Each structure stands twice: as structure tokens, then as C-alpha cells.
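From a predicted model like this one, the values you see are computed outputs, not experimental measurements.
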Amino acid sequence: MNKKYIYVVIAFLAMHLSAFIGVPLLFFLGVLAFEVPQDTMMIWSTSIWTVLSFILGLVVILLILRKAEPSTKVERATPLPLSLSILWGIGGVFIALFAQVAAVGIEYLIGIDPGSENTQQIMEMIEKMPIVIIASSLIGPILEEIVFRKVIFGSLYNRFPFWAAALISSLAFSIAHIEPTHLILYAAMGFTFSFLYVKTKRIIVPIISHMLMNTFVTINTFLLDPEDLNKVPEQVQAWIGGIF
């Protein structure tokens with residue numbers, strides 16, 4: 001793997017692990033220095049650190065990659081015209097949603113409980129502090145597509161067939177979200193976004209699709225009336241809830 005790509009993965013891991021230090025610091029600062037109630041400060045500290053760490057992580061990763069030479073066969077290939085690539089990015093969200101519905105159906109049939117705890121936690125954070133949308137719908141998709149598609153999938157695709165590279169990078173994607181039980185669902189997303197990347201040779205394409213999908217999930221979650229949602233079958237609720 002390209003040395004700079006290794007630094008990208010390290011920066012991404014450090015961004016997530018920083019919560020073990022940053023969240024408690026913010027919490028105690030708010031409680032002790034500003035006398036914010038503990039329950040409120042716990043929500044604030046987690047949400048604020050999530051947004052700050054994502055922003056800092058993105059800046060660091062972009063700085064690492066700013067002069068990186070193409071090192072994968074996807075990067076060295078001729079990309080589709082930008083206008084056509086944007087169309088693929090917009091259309092890709094429908095492919096992703098279809099793949100997600102199919103994956104949820106398969107998981108349901110084999111006895112895996114529908115729904116994502118990770119997504120539920122993100123939705124709860126957004127409900128308490130809407131600024132978290134910046135991390136979930138904008139910065140998060142950029143970071144994840146750079147790390148899991150451009151870096152991990154791209155490097156694996158140099159040595160393995162498409163299906164193997166997509167599957168392994170999807171496994172890493174599910175582990176990063178601490179939800180290995182939903183490997184089928186993450187694999188569906190991984191294959192979809194990897195296909196878009198290989199098809200267009202532009203990382204911006206899966207980024208656009210990922211952003212739109214996360215935004216769609218967020219909008220649906222907060223527009224649906226809870227009483228109406230309770231009438232929807234669990235397997236359908238799962239794909240409405242999505243996977244970030």
C-alpha cells in the first residue's frame with residue numbers, strides 16, 4: 001500500500017479514537033467551568049467532538065493526499081467526463097437504496113434483527129444537536145469513501161478481483177461502524193460504492209451517492225410520524241433507518 005495511504009488510515013483511526021480523550025475533556029470543561037448540567041453536557045460533548053474531530057480528520061487526510069501520486073489502477077485509468085460522473089453520483093443513490101433494501105431482506109430471512117444501532121445513535125444525536133448533520137451527511141461520507149473506497153478498496157483492487165476487494169473493504173467498513181452482524185448490508189453498500197468508483201474512476205461519485213443516501217435517511221427519519229412508523233414492517237423500517 002502507498003505510504004501516504006497508510007498515513008490516511010492511521011489518521012482516520014486516530015480521529016475515531018480521539019473521542020476517548022476529547023469527549024471527557026469537553027464534558028468536564030462544561031460541567032466544571034460553565035456549570036452545564038451533566039446530562040446536557042454529555043450530549044453536547046459527544047456531538048461537538050464528533051463534528052470537530054471529523055472536520056480535523058478531513059483536513060489532515062486532505063493534506064496527506066494533496067500531492068499523492070496515483071498508485072492504484074483505478075486512479076491511473078481515464079475517468080468519465082465530470083458531467084456524466086455527476087449523473088452517476090446522483091443515480092447511484094437509487095442503486096444504493098435498492099441494494100440496501102435487498103440486503104435488509106436477506107438479513108431478515110436469515111434471522112438477523114433489522115435496524116442499525118449505529119444509525120439510531122446518530123439520529124438521537126442529530127435530534128439533540130442538529131449540527132451533527134454536518135458530520136453524518138457531509139464530512140462522514142467524504143472520509144469514508146476516501147478511506148474505504150479510494151484507499152482500502154483501491155489498494156486491494158490492485159491485487160484481487162473486484163468482488164474480493166469490495167468484500168474485504170466492506171468488512172472493514174462494518175467493523176469501523178462496530179456492526180459486523182450487518183456484514184451483508186455493508187457488503188451491499190460496499191459493492192455499490194465500489195462499482196460506482198470503478199465505473200467512473202472518480203472518488204467524487206461514490207461520495208455524492210453516499211452523501212445523498214445519508215441525507216435521504218435523515219430526512220425520512222425526521223419527517224415520518226412515529227405513530228406511522230410503528231405501522232411499518234420492521235424490515236422496511238430498517239432500510240428507512242439506513243446505515244451510515
Side-chain angles (χ1 to χ4, degrees), residues 1-2 5-6 8-9 12-13 15-16 57 61 71-75 77 85 88-110 112 114-119 122 136-217 235 238-244:
M1 183 184 288
N2 184 311
Y5 283 0
I6 295 175
V8 166
V9 173
F12 184 76
L13 291 174
M15 178 194 79
H16 283 284
I61 286 173
S71 62
T72 67
K73 61 183 180 182
V74 181
E75 294 171 336
S85 295
W88 269 102
I90 296 171
V93 69
F94 298 102
I95 301 174
L97 288 171
F98 177 81
Q100 193 176 70
V101 172
V104 167
I106 294 171
E107 289 189 346
Y108 184 78
L109 288 174
I110 63 177
I112 297 176
S116 164
E117 184 177 343
N118 175 66
T119 301
I122 293 173
S136 65
S137 292
L138 297 177
I139 302 175
I142 298 173
L143 285 168
E144 290 177 353
E145 292 310 309
I146 289 175
V147 172
F148 294 104
R149 246 61 66 184
K150 180 181 178 70
V151 172
I152 297 178
F153 167 79
S155 298
L156 290 169
Y157 190 48
N158 280 349
R159 301 183 179 183
F160 301 105
F162 173 85
W163 67 268
L167 183 60
I168 296 171
S169 59
S170 298
L171 176 59
F173 190 44
S174 67
I175 292 173
H177 287 77
I178 320 177
E179 289 193 312
T181 55
H182 286 296
L183 176 60
I184 295 175
L185 185 50
Y186 282 103
M189 295 297 94
F191 273 81
T192 300
F193 295 137
S194 297
F195 164 76
L196 293 172
Y197 182 37
V198 171
K199 176 68 178 179
T200 62
K201 313 299 188 297
R202 290 183 185 273
I203 193 61
I204 188 62
V205 173
I207 286 175
I208 291 173
S209 296
H210 199 156
M211 280 182 173
L212 290 175
M213 189 184 74
N214 283 13
T215 302
F216 172 82
V217 168
Q235 59 266 42
W239 77 260
I240 291 175
I243 291 287
F244 280 72

Rounded to the nearest 0.5 Å, what separation is found between the [atom1] atom of [X] and the [atom2] atom of [Y]?
| X | Y | atom1 | atom2 | value |
| --- | --- | --- | --- | --- |
| F148 | L156 | CZ | CG | 12.0 Å |
| Y5 | T72 | OH | OG1 | 5.0 Å |
| S85 | I90 | OG | CD1 | 11.0 Å |
| W163 | S194 | CH2 | OG | 13.5 Å |
| F153 | I203 | CZ | CD1 | 9.5 Å |
| H182 | H177 | NE2 | NE2 | 12.0 Å |

Looking at side-chain heavy atoms only, is the closest gap between [X] and [Y] below 4.5 Å?
| X | Y | value |
| --- | --- | --- |
| K199 | L196 | no |
| I208 | W88 | no |
| R149 | Y157 | no |
| F94 | F216 | no |
| S170 | M189 | no |

Hey, does the side chain of [X] reach the backbone of [Y] with a donor-acceptor pair shorter than 3.5 angstrom?
| X | Y | value |
| --- | --- | --- |
| S155 | I152 | no |
| N2 | S71 | no |
| N158 | K73 | yes |

For [X], all residues meeting side chain to side chain contact (heavy atoms under 4.5 Å, CB included), sequence neighbours excluded:
| X | answer |
| --- | --- |
| I178 | none |
| S174 | L171, L183, Y186 |
| I61 | V8, A11, F12, L65, L143, I146, V147 |
| I6 | M1, I10 |

**Study point:** Test ring pair (Phe, Tyr, Trp, His ring centres under 6.0 Å) applied to F193 - qualifying residues, sequence neighbours left out
**Key:** H210

Study note, to complete from the structure: Residues passing the ring pair (Phe, Tyr, Trp, His ring centres under 6.0 Å) test with Y197, sequence neighbours excluded, are none

Exercise for review: State whether E75 and K150 are salt-bridged, where the test is any N-O pair (Lys NZ or Arg NE/NH1/NH2 against Asp/Glu carboxylate O) under 4.0 Å.
Suggested key: yes

